[in-house]
Amino acid sequence: MHPSAHRDTFTREHLPPQDQWPELVFDLPELQFGSRLNAATELLDRWVEQGQGGRACVQGGGLKWTYAELQAEANRIANVLVHELGVVPGNRVLLRGTNTPQMAACWFAVIKAGAVAVATMPLLRAVELGKVIAKAEVTHALCDAALASELAAAQQQHPVLRVICHFRSPAPDGLEARASRQPATFTNVDTASDDCALIAFTSGTTGQPKGTMHFHRDILAICRCWPAHCLRAESGDVFIGSPPLAFTFGLGGLLLFPMSVGASTVLLEKAAPDLLLAAIAEHRATVCFTAPTSYRAMAPLVAQHDISSLRKCVSAGEALPAATRALWKQATGLELLDGIGATELLHIFISHTEEDAKGGATGKPVPGYQACILDDAGQPLRAGQVGHLAVKGPTGCRYLADERQLQYVQDGWNLTGDAYLIDEDGYYVYQARTDDMIISGGYNIAGPEIEAALLSHPAVAECAVIGVPDEDRGQLVKAFVVLREGHAGDVKALQEHVKASIAPYKYPRVIEFRTSLPRTETGKLQRFKLKEPGA
Ligand code: 3UK
């Protein structure tokens, strides 16, 4: 590794041993990185240096900043961090806020100061924040004043968190007041390209959050892979979307990728389907990032808004059912860009361009990444066979002090925990999370395939399919269905619809109607909650 600029050496000391890292592949010319690199220099300062500082950069909540203005804000905050709050390179700085320009400025300030950004989901409560603080030994926090109380409660339990400073606060010791007294210039810390820049937490389903460690060069690597080859956005684009900046889907899609091409981004504090549509119309947005369920919910509302500015729509976080792709195309004329990403790999590694879209398939490995499907013994499978998705590329899994590293990384491959197959055209087709595969009557059944069939029925708004214990069949296929407004729950009709769409043995033998389904803050269905007895 290159000589670190970190004075606080926590992250290097807590990386997994090198022999547990995935193999890293840098086989594109644009993935050659020197030994010194600060991601903020490349993504932010470069534009100002090139005389592009007057370009629109980030807006939201009534604020509208150019590249030069975001740079000035970030520099002032970096000065506060270093000269007033005592941050030294390598310290972990927790960020807590909704998607706002101020949150973006704080993120860049942390990166500029050579500290490590630990962004957290706005909905986290004190107990969950406490786990993050303890695990990453967070010393400082920048927190939206509106979200102060849960963090204050967490600090009570975790005094390792020495300093909290509030932004979007009128207080005399708030971040804005402090920043206004600091100069708008700052010399970025000359970090190593392999110094840790951020720790992204992923909760999974067990409740013990895992911290994934990513370097300065990883931030640039993801900008040079999927967005450059699949998204192909341009400097005139206006990005918008729903994922939080604390979710790497949102960090990339709503901050890093627009800035990597000199485009602008709209950050929304609230982005429920109707609000997102209204915001697209208001800002004449051209590139949208959100989850499959959000596209499904927006489709019937599209006619009420002028979203003619939109030219690219990205779906990730969960499998995109073919029915949702078709629905969106019908409503807007736009072909969705689907991509599977993971916090462990920072962003999307299998995807496609609009021209190569194929309903029901995620796509092919993104340039810069390699993938294959492995059996339980780690041997590659042939086309059509269902196995474990394995990936490698310039980014990969490095858990912060966590034994689960040995599960995620095997033989140099990142194992994402997804069951996939490669079809006859070389497309990767999602089946299920490996621990969500249903085994019924000796058959392996992937819940999402049945969900896709149900979703093509006009009465179905949302659904989730799980296996429930059964004496005779081992597991029974059970569906939870949320009905569209004005439709009645007809179990028999839905069962017949599935039998007519896919192999009849897969039909849900039990169907339960619900008014909503449990989801994470990142929009993922929480199937495990539906599996709990009495759920
Ligand atoms: C699932 C998908 C099918 C899959 C993410 C884009 O979702 C992201 O990261 P997470 O760590 O979850 C990873 C898991 O989510 N998944 C995500 N996208 C798809 N399954 N099709 C998809 N298109 O199980 C994966 O292992 O929360 C997504 C960019 C950055 C991200 N962090």
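Quick caveat, the model's predicted, so the values are computed rather than measured. Read the numbers this way: they start at 1 and go in the same order the structure lists the ligands and their atoms.
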Please identify which atoms of ligand 1 are closer than 4.0 Å to at least one heavy atom of Thr416. 26 (O)
Nitrogen or oxygen of Asp418 less than 3.5 angstrom from that of ligand 1: yes
Taking the basic N atoms (NZ, or NE/NH1/NH2) and the acidic carboxylate oxygens, is any pair closer than 4.0 Å for Asp144 and Arg96? no
Asp27/Lys392 ion pair, N-O < 4.0 Å: no
Got a salt bridge between Glu30 and Arg224, using NZ or NE/NH1/NH2 to carboxylate O under 4.0 Å? no
Who's closest to atom 23 (N) of ligand 1 heavy-atom-wise, of Ala316, Gly317, Gly339? Gly339
Any nitrogen or oxygen of Thr248, side chain or backbone, less than 3.5 Å from one on ligand 1? yes
For ligand 1 and His347, I'd like to know whether there is a polar contact (N/O to N/O, distance under 3.5 Å). no
Residues forming a salt bridge (Lys or Arg N to Asp or Glu O under 4.0 Å) with Arg296, sequence neighbours excluded: none
Looking at Pro17, is its backbone amide N or carbonyl O close enough to the side chain of Gln20 to form a donor-acceptor pair, meaning the two atoms are under 3.5 Å apart? no
Are the charged groups of Arg232 and Glu354 less than 4.0 angstrom apart, N to O? yes
Pick, from Trp226, Phe349, Phe249, the option with the minimum heavy-atom distance to atom 29 (C) of ligand 1. Phe249
Does Leu346 have a non-hydrogen atom less than 4.0 Å from ligand 1? yes
Could you pull out, from Ile340, Val429, Thr343, Thr362, the option with a heavy atom nearest to atom 19 (C) of ligand 1? Ile340
